[in-house]
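Reading through the structure tokens given below for one structure.
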Amino acid sequence: MQPIINAGVPSSVAVYQLCGSMPDMPLMHNEHTGPSDGAVFIASCAATDGIANRAATATLPLNHLRLGWDPSAEAQMATWLG
């Protein structure tokens, strides 16, 4: 991860971070040693390391998989893209 963080995101690029908080993915070993979406810790998802221009962050009560298609996630992304 460190090389990616060190590369950074240019300040001309707005970064939006969508995180989940429900570690309940069926048939998966969900991360359970801290708050997570089942795959990624919320603290890792919302970290700003290497991000020069964080435009917004949101945490929804969804697991990692549902962040890509759940209507509430789609609505959040649409709001950001609005």
Side-chain angles (χ1 to χ4, degrees):
M1 288 303 303
Q2 199 59 50
I4 294 169
I5 292 169
N6 291 346
V9 178
S11 60
S12 60
V13 177
V15 175
Y16 297 82
Q17 294 165 286
L18 184 60
C19 306
S21 63
M22 296 296 273
D24 64 353
M25 293 184 291
L27 306 175
M28 301 279 294
H29 174 79
N30 290 285
E31 179 53 62
H32 59 277
T33 61
S36 76
D37 64 6
V40 177
F41 289 116
I42 295 172
S44 295
C45 176
T48 58
D49 306 42
I51 298 172
N53 181 12
R54 178 166 75 172
T57 185
T59 301
L60 301 176
L62 300 171
N63 68 38
H64 190 76
L65 300 174
R66 292 186 64 142
L67 285 172
W69 57 265
D70 188 87
S72 63
E74 290 176 358
Q76 181 62 66
M77 289 183 265
T79 296
W80 285 336
L81 294 171

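Quick caveat, the model's predicted, so the values are computed rather than measured.
Looking only at distances, no side-chain donor or acceptor of Arg66 sits under 3.5 Å from a matching main-chain atom of Ser72. Under the 3.5 Å distance criterion, the side-chain polar atoms of Gln17 are matched with a main-chain donor or acceptor of Ala47.
Membership of the apolar cluster around Met28 extends to Met25, Leu65, as traced through chained side-chain contacts below 4.5 Å between ILVMFWY residues.
Pro35 pairs by the side chain to side chain contact (heavy atoms under 4.5 Å, CB included) definition with Ile42, not counting sequence neighbours. Shown here are the side chain to side chain contact (heavy atoms under 4.5 Å, CB included) partners of Pro10, two or more places apart in sequence or in another chain: Ser12, Val13. Applying the salt bridge (charged side-chain N to carboxylate O under 4.0 Å, His left out) test to Asp49 and every residue at least two apart in sequence or in another chain returns nothing.
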Could you go through the side chain to side chain contact (heavy atoms under 4.5 Å, CB included) check for Leu60 and Leu18 one step at a time?
CA-CA 8 Å; Leu60 301 176; Leu18 184 60; 3.7 Å; yes

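Taking both residues in full, the closest heavy atoms of Pro61 and Ser21 are given as CA-OG, 3.4 Å, listed atom of the first, atom of the second, then distance.
Between Pro23 and Glu31 the shortest side-chain heavy-atom distance does not fall below 4.5 Å. Counting only heavy atoms from C-beta outward, the side chains of Val9 and Asn53 never approach each other to under 4.5 Å.
With rounding to the nearest 0.5 angstrom, the OG1 atom of Thr59 is 9.5 Å from the CD atom of Gln76. For the atom pair CG of Asp37 and CG of Leu62, the computed distance is 9.0 Å after rounding to the nearest 0.5 Å. Rounding to the nearest 0.5 Å gives a distance of 13.0 Å between OG of Ser11 and CD1 of Ile51.
Every pair passing disulfide (SG to SG under 2.5 Å) that includes a residue from residues 11-82 is listed here, sequence neighbours excluded: Cys19-Cys45. The ring pair (Phe, Tyr, Trp, His ring centres under 6.0 Å) pairs that include a residue from residues 30-82 are Tyr16-Trp80, His29-His32, where partners are two or more places apart or lie in different chains.
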